[in-house]
S.K.: 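Below you will find the structure I want to go over with you.
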There are 2 protein chains.
Amino acid sequence: MAKLDDTDRQLLMLLQEDDRQPLAALSEKIGVAVSTINDRIKRLVRSGIISGFHAHVAPEAAGLNLLAFIMVGWSNPKVEAIFLEKVKASPDVLECHHVTGAWNHLLKVRVGTTRDLERFLSETIKAVDGVERTETLITLSSAKETWKVSLEAAPS
Amino acid sequence: MAKLDDTDRQLLMLLQEDDRQPLAALSEKIGVAVSTINDRIKRLVRSGIISGFHAHVAPEAAGLNLLAFIMVGWSNPKVEAIFLEKVKASPDVLECHHVTGAWNHLLKVRVGTTRDLERFLSETIKAVDGVERTETLITLSSAKETWKVSLEAAPS
DNA sequence: AGTGAAAATTGGACGTA
DNA sequence: TACGTCCAATTTTCACT
């Protein structure tokens with residue numbers, strides 16, 4: 001893995017904040033030439049350190065007013081493959097993590113209403129044969145929700 | 001809230017995928033004029049439907065190899081304010097949600113190693129006076145992790 | 001690698017329908 | 001609101017340090 005110097009870290013911080021600012025603005029903030037900024041960004045993209053440039057959409061604008069975390073459990077290991085397939089295909093599922101502890105997987109799900117959530121649970125999750133337990137945590141409010149990776153202490 | 005037509009939804013889908021493609025590319029994919037694309041994006045940004053344009057950084061590139069979800073509980077309601085302040089200030093915390101159920105808040109946290117996680121728990125979470133219970137789910141792998149909002153069924 | 005300036009591409013503003 | 005044109009701004013390339 002390519003290592004990051006201080007200029008890279010500053011650049012990544014600024015691009016995580018806003019990837020549409022002109023190279024000239026980045027150049028001024030960091031203190032290197034515009035063409036250097038351009039080279040650096042190219043390199044960071046090519047090496048995969050920057051995985052992409054994405055517009056973020058306000059979920060409420062799309063009518064998605066309900067955020068929930070769902071923990072799912074089963075005992076038969078054959079369940080996993082079918083479960084993951086369904087989950088990956090569902091646009092309601094933002095995240096699916098395999099976690100330690102009493103549960104097998106933790107899902108982050110965005111839907112419109114509680115009715116949609118009910119439908120999701122019955123049609124997508126419990127419809128998978130072998131799923132034995134679920135626990136749903138409904139989000140009342142989100143005090144923090146960021147995608148920004150902290151770049152203070154980089155590996156040497 | 002401004003309503004979205006089909007052109008908006010197509011545009012948002014494409015920009016969620018990659019916000020750096022030229023307007024000409026978007027114009028061709030959607031089938032409207034370049035200047036229309038430009039107008040639409042401007043409007044979507046002004047109305048807050050697009051909340052921003054952000055570069056995504058691969059966490060591993062920053063040495064963040066451990067993802068965990070931490071549930072936190074307390075009984076004294078005065079704890080919340082202090083807790084949220086610490087959590088918002090911590091670069092390790094990606095998300096903090098107020099949730100229903102046996103716990104008060106659910107955190108999504110990214111750190112380098114288990115040692116960093118241990119330090120985070122003792123110095124940031126348990127250091128808050130009044131925090132009584134925590135449960136940590138360590139992520140072994142993530143089958144899905146997206147930020148894309150589904151735009152199939154828009155509100156009328 | 002970094003720089004500055006030229007060349008190519010792109011985005012933003014305006015007038016018209 | 002959508003369109004096309006024009007001009008300004010921005011990105012990209014390149015020869016040099």
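Side-chain atoms are counted along with the backbone in the values below, which use heavy atoms only and exclude waters and symmetry mates. What you see is a predicted model, and the numbers here were worked out from it, not measured in a lab. By convention in this document, chain letters (A, B, ...) are assigned in the order of the sequence lines, proteins followed by strands, and residues within each chain are numbered from 1.
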S.K.: Taking 4.0 angstrom as the limit, do B:Arg110 and B:Glu60 come out as a salt bridge?
M.R.: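 Salt bridge: no.
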S.K.: Does D:dG4 have OP1 or OP2 under 4.0 Å away from a side-chain N or O of B:Ser35?
M.R.: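 Result: no.
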S.K.: Within the pair A:Lys42 and D:dT12, is there a side-chain N or O less than 4.0 Å away from OP1 or OP2?
M.R.: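 Answer is yes, contact under 4.0 Å.
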S.K.: Between atom CZ in A:Arg43 and atom P in C:dG2, what is the gap in whole Å?
M.R.: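 Going from A:Arg43 (CZ) to C:dG2 (P), I get 7 Å.
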S.K.: Given D:dC3, C:dT3, D:dT11, which nucleotide is nearest the side-chain atoms of B:Ala33?
M.R.: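 When the side chain of B:Ala33 is considered, D:dC3 is the closest of D:dC3, C:dT3, D:dT11.
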S.K.: Could you check how far CG of A:Leu23 sits from C1' of C:dT10, rounded to whole Å?
M.R.: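 Value for this atom pair: 12 Å.
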S.K.: So, are B:Asp39 and B:Lys42 salt-bridged, with charged N and O less than 4.0 Å apart?
M.R.: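 B:Lys42 and B:Asp39: not salt-bridged.
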S.K.: Contact class for B:Val34 (heavy atom, under 4.0 Å): base, sugar-phosphate, or nothing?
M.R.: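 B:Val34: no heavy atom of the nucleic acid under 4.0 Å.
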S.K.: In whole angstrom, give the distance that lies between atom CG of B:Asp39 and atom P of C:dG15.
M.R.: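 Nearest whole value for this atom pair: 14 Å.
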S.K.: Between atom NZ in A:Lys3 and atom P in C:dA1, what is the gap in whole Å?
M.R.: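 Answer to the nearest Å: 9 Å.
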S.K.: Is the count of non-hydrogen atoms from other residues, nucleotides or ligands lying under 6.0 Å from A:Glu118 atom CD greater than 12?
M.R.: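 No.
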S.K.: Expressed as a whole number of angstroms, how long is the span from A:Ile41:CD1 to D:dT11:C1'?
M.R.: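 That distance rounds to 10 Å.
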S.K.: Does B:Arg133 make a cation-pi contact with B:Trp103 (under 6.0 Å, within 45 degrees of the axis)?
M.R.: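 Yes, a cation-pi geometry.
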S.K.: Can you tell me the distance, in whole Å, between the CZ atom of A:Arg20 and the C1' atom of D:dT11?
M.R.: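 Those two atoms, CZ and C1', are 14 Å apart.
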S.K.: Mind checking A:Arg40 for me? I need base, sugar-phosphate or nothing, with any heavy atom below 4.0 Å counting as a touch.
M.R.: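 The residue A:Arg40 makes sugar-phosphate contact but no base contact.
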S.K.: What is the distance, to the nearest angstrom, from the CZ atom on A:Arg46 to the C1' atom on C:dA1?
M.R.: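 My rounded result for the distance is 13 Å.
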S.K.: So, OP1 or OP2 of D:dT12: does either fall under 4.0 Å of a side-chain N or O from A:Asn38?
M.R.: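 For A:Asn38, the contact criterion (side-chain N or O under 4.0 Å from OP1 or OP2 of D:dT12) is met.
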S.K.: Do NZ/NE/NH1/NH2 and the carboxylate oxygens of A:Asp92 and A:Lys108 come within less than 4.0 Å?
M.R.: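 The answer is no: the pair does not qualify as a salt bridge.
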S.K.: Rounded to whole Å, please give me the gap between CG in B:Leu44 and C1' in C:dG11.
M.R.: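 Nearest whole value for this atom pair: 16 Å.
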S.K.: Which listed nucleotide (D:dC3, C:dT3, D:dT11) is nearest to the side chain of A:Thr36?
M.R.: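 Within the option list, the nearest is C:dT3.
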